[in-house]
2 protein chains.
Amino acid sequence: MAIAPSSSAASADSGSADVSPAFSPLYQQIKTLITRGLQEGDWKPGEAIPSEMELAQRYRVSQGTVRKAIDELAADNLLVRRQGKGTFVATHAEEKIQFRFLRLKADDGSDPRMDRSILECRRVRAPADVARALELRSGDAAVQIRRTLATEGQPLVLDEIWLPGHLFRGLSVERLSEWRGPFYGLFETEFGVRMIRAEEKIRAVAADEVSSPLLQVPLGTPLLSVERLSMTYGEKPVELRRGLYRTDSHFYRNELS
Amino acid sequence: MAIAPSSSAASADSGSADVSPAFSPLYQQIKTLITRGLQEGDWKPGEAIPSEMELAQRYRVSQGTVRKAIDELAADNLLVRRQGKGTFVATHAEEKIQFRFLRLKADDGSDPRMDRSILECRRVRAPADVARALELRSGDAAVQIRRTLATEGQPLVLDEIWLPGHLFRGLSVERLSEWRGPFYGLFETEFGVRMIRAEEKIRAVAADEVSSPLLQVPLGTPLLSVERLSMTYGEKPVELRRGLYRTDSHFYRNELS
DNA sequence: GAGTGGTCTAGACCACCAC
DNA sequence: TGGTGGTCTAGACCACTCA
């Protein structure tokens, strides 16, 4: 490490002007190196990464510089600091919260505990729109999962999940049914695919012939349509999830700042 | 400043155990002091706060400690750093984005430019549910605003906005209509109320007799219902906004991480 | 050139955890 | 007791802005 600050670009990070030198500070370079390590599986989810001191020596920078890099990675939820123990690779597997990405709350503000039922899991050729979202070639294999979530006997969520076939070989109804905990934990430990970030497009739609019986609501009932595209390291999309939520006794909670 | 690190609590920040010492680090105390300054209007939105060096001298701590405090306040969008110029109090007034809190996008991903029409603005006694949300006593005065947003002639949003009457004396249809830019800018510059943070509850509902003609959709059309509670300094709620969004050619965008 | 924020360093000490 | 992250300091130098 220790590229002279005023020297060439090395490895930029976020967007910037084109012609300009665009050199990145040391801690950004360290951040890039650690991210690469995560991406390439040097340290697996749940494991500890080397101590700040060790990384500082390895990269030939001061401990404070490593610290700043790790600070930002922790802010991005890629790493988790634990005082006295070390810094760990974030994981969906050991999360207290059942559904980190599911923002549904009961009307009284409580977190509903959900019972899952898998309706279907099969390998098919990705439809055009799915292929586009997941950056597959049209005709590539994809895994399609359909499932419902229910709370207290009431169906609440109907999900259709699309995954790139080449990353999820051997995924079956059985594997899904046996698994306790969130799917993202399964994806991570069994297939090495970790979801980092997601974007959602939310709309209001009417229950149709398919969704109405499954969610046990009359045809035409307003439902929340949530289309989620999840990304792994390097902004690579690896899951498209289309959900329909009943919002008669629950709501989608969001925070703005 | 410079309360001995191991001494009493001084002024904690976020939740913590009860009995424990719960002493806060110096930079947290500085953060609290700066926040108090913002709250009490020592520096107004858009203005610069004193330089890091000056604050360090004032509070008798090192520049690095002030820096860390400001770092966090900037991360919370309370302050904005501008290299070479100074650190400024965040403001809604001079925002490039028209609607910082409105997450609607057109289907093609673009930001729709909105035309506003005020339907109504009057002082009334706060209904029970509004009073509860805004932490008013039942019977207290409140300002009720109803308005629509349209893009390309199409109505898109129907909002009902509730404000505490005692903070918004003299707010009228005229003041609202004359104002260019987001309401939050008006609230800030004319009434000294700055929105810091908001929580939204999102549901899917059917267009009723009131909303259907105003949004020009058939009765029963699914609409996004967005109930937003906005807070100012000290988590004090100061606005309740109930919106109905058409999502036939637009969607609500959210980011998860 | 003076002033501001931004980066980097080196070292001290504290709080937490495990052995 | 030793290792880890967390706080705090003091000082050097860089990059950006503006007069």
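Protein chains get the first letters and strands the later ones, always in sequence-line order, with residue 1 at the start of each. Atom set for the values below is all heavy atoms of this structure, side chains included, hydrogens, waters and symmetry mates excluded.
Atom CD of A:Gln63 and atom P of C:dT7 are 17 Å apart (whole Å). The CD atom of B:Glu52 sits 11 Å away from the P atom of C:dT7 (whole-angstrom rounding). Between B:Leu26 atom CG and C:dC13 atom C1' the separation is 13 Å, expressed in whole Å. As a whole-Å value, the separation of A:Gln28 CD from C:dT7 C1' is 11 Å. Across the protein-nucleic acid pair, A:Arg82 atom CZ and D:dG3 atom C1' stand 16 Å apart, rounded to whole Å. In this structure, B:Leu79 places its CG atom 16 Å from P of C:dT4, rounding to the nearest Å. Whole-Å rounding puts the A:Met53 CE to C:dA10 P distance at 10 Å. A straight line from CD of B:Gln57 to P of D:dG11 spans 13 Å, rounded to a whole angstrom.
Taking the side chain of B:Gln83 as heavy atoms from C-beta on, and the options D:dC16, C:dC8, D:dG5, the nearest nucleotide is D:dC16. Distances were taken from every side-chain heavy atom of B:Ser51 (C-beta onward) to each of C:dT4, C:dG6, C:dC8; the shortest belongs to C:dT4. For B:Tyr27, taking side-chain heavy atoms from C-beta onward, the closest of the listed nucleotides C:dA18, D:dC8, D:dG5 is D:dC8. The side chain of B:Ser62 has D:dC8 as its nearest neighbour among D:dC8, C:dG6, C:dT7. Among D:dG6, C:dT7, D:dC8, the nucleotide with an atom closest to any side-chain atom of A:Lys68 is C:dT7. Each of C:dT7, D:dC8, D:dG6 was ranked by its minimum atom distance to the side chain of B:Arg67; first place goes to C:dT7. Nearest to the side-chain atoms of B:Pro25 among the listed nucleotides C:dC8, D:dG6, D:dT7 stands D:dT7.
The closest side-chain donor-acceptor pair between A:Tyr184 and A:Glu239 falls under 3.5 angstrom. A:Thr87 and A:Glu52 share no donor-acceptor pair across their side chains, judged by distance under 3.5 Å alone.
Contact annotation: A:Thr65 does not reach the phosphate of C:dT7 (side-chain N/O to OP1 or OP2, under 4.0 Å). Put simply, A:Arg81 has a side-chain N or O that comes within less than 4.0 Å of OP1 or OP2 on D:dG6. Regarding contacts with the backbone of C:dA18, a side-chain N or O of A:Lys85 is found under 4.0 angstrom from either OP1 or OP2.
Side-chain contact check for A:Leu78 versus A:Tyr233: some heavy-atom pair is nearer than 4.5 Å.
The pair A:Arg197-A:Glu235 counts as a salt bridge, with a side-chain nitrogen and a carboxylate oxygen less than 4.0 angstrom apart.
Nucleotide C:dC19 forms a pair with no other nucleotide shown, judged by Watson-Crick or G-U wobble geometry with both contacts under 3.5 Å.
A donor-acceptor contact shorter than 3.5 Å is absent between the side chain of A:Ser110 and the backbone of A:Ala106.
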